[in-house]
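Just below is one structure, and these are the notes that go with it.
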Amino acid sequence: MNLTLHVWRQAGPNDKGRFEKYEARDISEHASFLEMLDILNEELVEKGQEPIAFEHDCREGICGSCGMVINGVPHSKQKAITSCQLHMRSFKDGDEIWIEPFRATAFPVLKDLVVDRSAFDRIIQKGGYVSVRTGNAVDANATPIPKTDADAAFDAATCIGCGACVAACPNASAMLFTSAKVSHLGLLPQGQPERYKRVEAMVAQMDQEGFGSCTNHGACQNACPKSISIEYIARMNRDLMKAKLLGSKDD
Ligand code: FES
């Protein structure tokens with residue numbers, strides 16, 4: 001198939017950036033979206049032009065690095081997939097595709113489609129871990145965990161930190177990401193000792209990074225490639241309220 005691409009090109013963080021038009025020719029419907037960009041980049045390099053910068057690693061929906069906005073939607077209009085899991089069979093011959101980076105003040109554009117998502121790392125550094133000495137791996141049945149809690153913790157833990165929730169939110173809120181990270185530990189016995197200290201510290205860092213607040217649009221859960229529910233935001237808010245009442249003490 002032949003496609004017309006409008007790709008955001010930006011030489012660096014201080015460049016204004018603009019859309020540039022490219023023709024992608026003879027693209028197989030079996031190619032992935034990133035392979036289509038690889039083919040275009042090879043042509044650009046052959047012509048002596050600068051290839052389009054985009055991030056990727058696993059190319060199978062695990063690492064969360066490949067986020068981009070495709071036709072106005074983070075990771076495209078296809079539900080529950082990352083940009084690397086999108087295939088060209090989702091498009092028709094002659095389609096025009098608009099490709100741009102995730103847009104948020106807290107995710108500054110580094111180059112073309114690559115944004116700096118280190119704000120997420122700094123939120124994790126404030127408490128997205130269990131710091132007690134865990135020693136050797138214990139028997140799986142040594143700490144009984146109700147199935148409903150284990151399932152809810154696992155659903156939260158599927159967050160790959162891609163940032164689509166931020167890009168989709170009109171407030172560029174990171175509450176879905178932060179609540180998933182807070183909840184997957186807060187739901188488990190191992191996460192209890194630091195539960196309330198954790199939520200306060202991670203939410204404070206989220207605010208400091210310049211992410212907006214949640215106003216219940218729900219766009220984040222629609223864009224999330226792992227279908228994480230905004231119920232985790234409500235759970236995080238309840239924990240935050242309890243943390244304030246406890247006066248920052250762990251219980
Ligand atoms: S490249 Fe890893 S999730 Fe897309």
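Every number for a ligand or one of its atoms is a count from 1 in the order of the listing.
- Note on residues 95-128: pairs passing ring pair (Phe, Tyr, Trp, His ring centres under 6.0 Å), not counting sequence neighbours, are H6-W98, F19-W98, H75-F102, F107-F120, F107-F211, F120-F177, F120-F211.
- Judged by distance alone, the side chains of S227 and Q221 never bring a donor and an acceptor atom under 3.5 Å apart.
- The minimum heavy-atom distance linking I81 with S76 is given by the pair CD1-OG, 4.2 Å.
- Sorted by first and then second residue, the pairs that involve residues 101-118 and meet salt bridge (Lys or Arg N to Asp or Glu O under 4.0 Å), not counting sequence neighbours, are R9-D112, E50-K111, E55-R117, E100-R103.
- Summarising the hydrophobic clusters (Ile, Leu, Val, Met, Phe, Trp, Tyr; side-chain heavy atoms under 4.5 Å, direct or chained), the residues clustered with I145 are L188.
- Listed by chain and number, C66 SG, C84 SG are the protein N/O/S atoms closer than 2.8 Å to atom 4 (Fe) of ligand 1, with waters left out.
- Residue C58 is tested with C63, C66, S65 for a side chain to side chain contact (heavy atoms under 4.5 Å, CB included); the sole match is C63.
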